[in-house]
Amino acid sequence: MGQVLKNSDLVNKISPVFELGLIGYPLGHSFSPRLHLAALEAAGLRGYYRLYPISPDQDQSDLKLRKLIERIVSGKITGLNVTIPFKQKVIGLLDRLTDVAAQIEAVNTIFIENGCLTGENTDVPGFLVDVTNCVSGIDTQADVRVDGLPDLVMVLGAGGSARAVVYALARRGKRIILVSRRKEQADRLIDSLISSSGLFKSEPFPETVTFSHLDKAIGKLQDQEVLIVNTTPVGMWPDVNDCPWPEHLAIPTKAMVYDLIYNPRETLLMKQAMNAGLPAWNGLGMLVEQAALAFERWTGINNSAPKMWEALNHYVDKPLNDGLKR
Ligand code: NAP
């Protein structure tokens, strides 16, 4: 008599195994495995999400990176996320980039499309989707703002994530004030976005200022509504008592704050804004949205964000003061 197969055995025999993972360094505190495993489970897919920490200082780190990416080509890995310090470095190992990845010159998701090893950047749409969702919940002047976002945005920091944020908001036609410790760094970011993406031909040209001259920039704002986006790591665990906003300056009265940091869930910058009666959000939503978009590239399954939120909230011990577990 032949072997009797249960239904689940049949599913296991015919369904593919999604081999997913993350390259970067360090990766110890990554939330990504929780998010992607929850999405796989919700979709009834078999798979794994593995962490591949490659220290840039270790011997043959370039070779290790290349060999890992070759495993996508050979089909042993379905797709990978990429984080610091490899978002630019992987570009030279890929066949093609999506428009967004090419324009901001950074890749956070690798997948195979039409037989080509493709680099995508889901941080840009992930940020935009989440910040728009957050801000659209506020009804002040919603009738005059087409996408719910103020026309003026102040971006704190001029590193890798600032690049994605500036690109995303500038493409929406927002006027940007880019604040950095060194003005040359902010100017360089703008120049490089101009050459890689052609931005700012028709979009408002950004203003760059240093933190030490922030008072002058704020003085000019008067009563204008402004979205302040923190892209510096200042305030991130374990340095939770640090704040990127200068101590001697009040946060503008019509500001709303979006902090890319999500650990802790309430940064000091967010607390200061909320204490002044201003809305503030952390970067968990961006993390979830970029993950959901990457998951879609690998599996074809969209709208995994709610399941990813559920998985995160399972680990949440304390909701934020607006009652939302963000
Ligand atoms: P990055 O490339 O290293 O850039 C950090 C920027 O912050 C640099 O411009 C740096 O300026 C500035 N900075 C650092 N310390 C500062 C200080 N004490 N005062 C003023 N500016 C300071 O880092 P990143 O990749 O953009 O990441 C930044 C933060 O965003 C991290 O906390 C990361 O976890 C978070 N993030 C969140 C998400 C999400 O999905 N929510 C996604 C990406 C990043 P200098 O060059 O002068 O040092």
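When a ligand or atom number is given, it counts from 1 through the structure's own listing order. Being a predicted model, the structure only gives us computed values, none of them experimental. Keep in mind that the numbers below use all heavy atoms, side chains included, and drop hydrogens, waters and symmetry copies.
- For atom 5 (C) of ligand 1, the nearest protein heavy atom (residue, atom name, distance) is P233 CD, 3.8 Å.
- Looking at F127 against ligand 1, nothing comes within 4.0 Å, counting heavy atoms.
- Using 4.0 Å as the threshold, D123 has no heavy atom nearer than that to any atom of ligand 1.
- Considering both main-chain and side-chain atoms, V234 never comes within under 3.5 Å of ligand 1 through any nitrogen or oxygen pair.
- For the pair S161 and ligand 1, the shortest N or O to N or O distance falls below 3.5 Å.
- Just one of R50, R46, K76 meets the side chain to side chain donor-acceptor pair (under 3.5 Å) condition when paired with E19; it is R50.
- Nearest to atom 42 (C) of ligand 1 among the protein's heavy atoms is M286 CE, 3.7 Å.
- Among all protein heavy atoms, the one lying closest to atom 8 (C) of ligand 1 is G159 N, 3.8 Å.
- Residue contacts with ligand 1: G283 is placed with a nitrogen or oxygen under 3.5 Å of a nitrogen or oxygen of the ligand (distance criterion only).
- For ligand 1, the polar-atom distance check against R182 finds a nitrogen or oxygen pair separated by under 3.5 Å.
- Listed by number with element, the atoms of ligand 1 under 4.0 angstrom from any heavy atom of I261 are 32 (O).
- Relative orientation of the W298 and H36 rings is tilted, given thresholds of 30° and 60° on the angle between their planes.
- No salt bridge links E113 with R297; every basic N to acidic carboxylate O contact stays at or beyond 4.0 Å.
- Ring geometry, Y258 versus F127: the interplanar angle exceeds 60°, so the pair is classed perpendicular (tilted spans 30 to 60°).
- Per-atom contact check: atom 3 (O) of ligand 1 does not touch the protein, criterion being a heavy-atom distance below 4.0 Å.
- Distance alone, capped at 3.5 Å, places no donor-acceptor pair between the T210 side chain and the R182 backbone.
- Between K87 and ligand 1, a contact under 3.5 Å exists for no N or O pair.
- Side-chain contact between L169 and L128 is present, with at least one heavy-atom pair separated by less than 4.5 Å.
- Per-residue contacts place Y262 under 4.0 angstrom from the following atoms of ligand 1 (heavy atoms of the residue considered): 39 (C), 41 (N).
- Distance check for atom 33 (C) of ligand 1: every protein heavy atom is found at 4.0 Å or beyond.
- For atom 29 (C) of ligand 1, the nearest non-hydrogen atom of the protein is T231 O, 3.6 Å.
- For atom 21 (N) of ligand 1, a protein heavy-atom neighbour is found at a distance under 4.0 Å.
- In this structure, atom 15 (N) of ligand 1 lies nearest to the protein heavy atom R181 NH2, 3.3 Å.
- Residue contacts with ligand 1: G160 is placed with a nitrogen or oxygen under 3.5 Å of a nitrogen or oxygen of the ligand (distance criterion only).
- Although no hydrogens or angles enter the test, the distance criterion places no donor-acceptor pair under 3.5 Å between the side chain of D242 and the main chain of V234.
- From N81, atom CG reaches atom CD1 of I23 across 9.0 Å, with rounding to the nearest 0.5 Å.
- Within ligand 1, the atoms closer than 4.0 Å to a non-hydrogen atom of L287 are 40 (O), numbered from 1 in the order shown.
- Taking CD1 of I194 as the reference point, atom CG of L199 lies at 8.0 Å (rounded to 0.5 Å).
- Of the listed residues (V288, V179, I84, L260), the one carrying the non-hydrogen atom nearest atom 37 (C) of ligand 1 is L260.
- Of all heavy-atom pairs between M286 and D123, the closest is CE-O, 3.8 Å.
- Between S74 and R71, the shortest heavy-atom distance links the atoms OG-O, 3.3 Å.
- On a distance-only criterion, Q185 and ligand 1 share at least one N/O pair closer than 3.5 Å.
- Using a distance-only test at 3.5 Å, with no hydrogens or angles considered, a donor-acceptor pair links the side chain of N108 to the main chain of T122.
- E184 and R188 are not joined by a salt bridge, as no carboxylate oxygen comes within less than 4.0 angstrom of a charged side-chain nitrogen.
- Near M236, meaning under 4.0 Å from one of its heavy atoms, ligand 1 places the atoms 32 (O), 34 (O).
- Taking any N or O of A158, backbone or side chain, at least one lies under 3.5 Å from an N or O belonging to ligand 1.
- When all heavy atoms of E120 and T98 are compared, the pair lying nearest together is OE1-OG1, 2.6 Å.
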